[in-house]
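Inspection log for the structure reproduced underneath, given as structure tokens.
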Amino acid sequence: MLSLAFQLFLVSSAAALGIGPITLGNLPLNFTLAAVNTTHPNTNRTGAPLVLGQNGASSGISFYVTSTYASFPYDDYPSLGLVNNTLRAYTKDGRWITNATEVRSGQTLGWVTTTIYEQPAPEIYSAIRLPAHEYPLLAAHGFFNLWSLCPFLGNYPQTNVMFNVSADLPPSPYLGFDPSRCYGVLINILSIRS
């Protein structure tokens with residue numbers, strides 16, 4: 001088995017040589033995410049910072065959704081990890097009690113935090129390195145190009161990451177967003193340097 005450092009070296013080398021896409025289910029460094037608009041110009045090359053935005057809570061469990069920092073200006077989980085094709089979120093003190101949930105077409109990239117209930121993490125996420133892109137891209141179910149940012153309405157509106165949204169498919173009425181207002185993004189994986 002190859003070490004994670006050597007895997008990253010191979011990914012960087014393959015990308016530099018233009019060999020093609022490389023997919024990894026583990027990354028040895030923690031990272032953050034940023035969304036790059038695929039239809040309009042971006043204000044920077046890394047993209048809009050993404051954070052875990054509030055999405056409800058119950059006794060012993062909290063729910064989050066991946067939101068733009070501009071729409072939810074708090075960052076209680078400043079570091080993420082990719083381990084065995086699962087996405088993990090770490091608190092400011094490095095504690096891991098939060099996993100990304102299963103993402104399906106027309107749904108948000110959600111997260112669950114709990115210390116009481118067992119929440120198995122879905123093994124569907126990966127990092128894809130493409131020769132034409134400066135940063136690795138987040139993929140779900142092997143797809144890196146099906147992400148969108150969608151504005152959600154309500155008393156506390158947030159712009160959230162959605163997977164495989166189509167303006168032709170009406171959303172369930174409880175979701176609170178209009179697919180025609182969504183726009184495609186790629187999600188950059190930005191490593192955190194110590």
Open item on the list: Please tell me whether Asp93 and Thr91 have a donor and an acceptor in their side chains that are separated by less than 3.5 angstrom.
Closed with: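 Distance-only check passes for Asp93 and Thr91.
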Open item on the list: Under 3.5 Å, is there a donor on one side chain and an acceptor on the other for Thr98 and Thr113?
Closed with: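 Distance-only check passes for Thr98 and Thr113.
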Smallest separation among heavy atoms of [X] and [Y], with atom names:
X      : Y      : value
Ser148 : Gly184 : OG-CA, 4.1 Å
Tyr90  : Pro78  : O-CD, 3.5 Å
Cys150 : Val165 : SG-CG2, 4.3 Å
Asn85  : Ser126 : ND2-CB, 4.0 Å

- [ ] Output every pair passing salt bridge (Lys or Arg N to Asp or Glu O under 4.0 Å) with a member in residues 55-65, not counting sequence neighbours, ordered by first then second residue.
- [x]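 The answer is none; no pair qualifies.
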TODO: Can you run down the salt bridge (Lys or Arg N to Asp or Glu O under 4.0 Å) pairs that involve residues 41-54, sequence neighbours left out, and say none if there aren't any?
DONE: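 Non-adjacent pairs meeting salt bridge (Lys or Arg N to Asp or Glu O under 4.0 Å): Arg45-Glu134.
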Test item: [X] and [Y] side chains (from C-beta on) under 4.5 Å apart, heavy atoms:
X      : Y      : result
Leu80  : Leu33  : yes
Tyr135 : Leu190 : yes
Asn26  : Leu82  : no
Asn99  : Val112 : no
Trp147 : Leu137 : no
Ser67  : Asn160 : yes
His141 : Glu102 : yes
Tyr125 : Leu109 : yes

Open item on the list: Parallel, tilted or perpendicular, judged at 30° and 60°: which one describes the rings of Tyr77 and Tyr64?
Closed with: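 Tyr77 vs Tyr64 ring planes: perpendicular.
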Task: Full working for side chain to side chain contact (heavy atoms under 4.5 Å, CB included) between Ile22 and Ile128 - done: CA-CA 6 Å; Ile22 305 287; Ile128 295 183; over 6 Å; no
Task: Stepwise side chain to side chain contact (heavy atoms under 4.5 Å, CB included) test for Asn188 and Val36 - done: CA-CA 7 Å; Asn188 283 336; Val36 176; 3.1 Å; yes
TODO: Please list all pairs passing the side chain to side chain donor-acceptor pair (under 3.5 Å) test where one or both residues lie in residues 49-61, with sequence neighbours left out.
DONE: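 Every candidate side chain to side chain donor-acceptor pair (under 3.5 Å) pair involving residues 49-61 fails, so no pair, neighbours aside, qualifies.
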- [ ] Report the hydrophobic cluster partners of Tyr156, with the cluster defined as I, L, V, M, F, W, Y residues connected by side-chain heavy atoms closer than 4.5 angstrom, directly or transitively.
- [x]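 Cluster partners of Tyr156: none, it stands alone.
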TODO: May I ask you to list the residues sharing a hydrophobic cluster with Ile97, side-chain cutoff 4.5 Å, ordered by chain and number?
DONE: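 Besides Ile97, the cluster holds no residue at all.
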TODO: Kindly determine whether Thr39 and Asn37 satisfy side chain to side chain donor-acceptor pair (under 3.5 Å), including the steps that lead there.
DONE: CA-CA 6 Å; Thr39 57; Asn37 192 325; 2.8 Å; yes
Task: Partners passing ring pair (Phe, Tyr, Trp, His ring centres under 6.0 Å) against Trp111 (at least two apart in sequence or in another chain) - done: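 Expected list: none.
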Open item on the list: Between Val161 and Phe143, is there shared hydrophobic-cluster membership here, with clusters defined by ILVMFWY side-chain heavy atoms closer than 4.5 Å?
Closed with: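 Cluster IDs for Val161 and Phe143 match.
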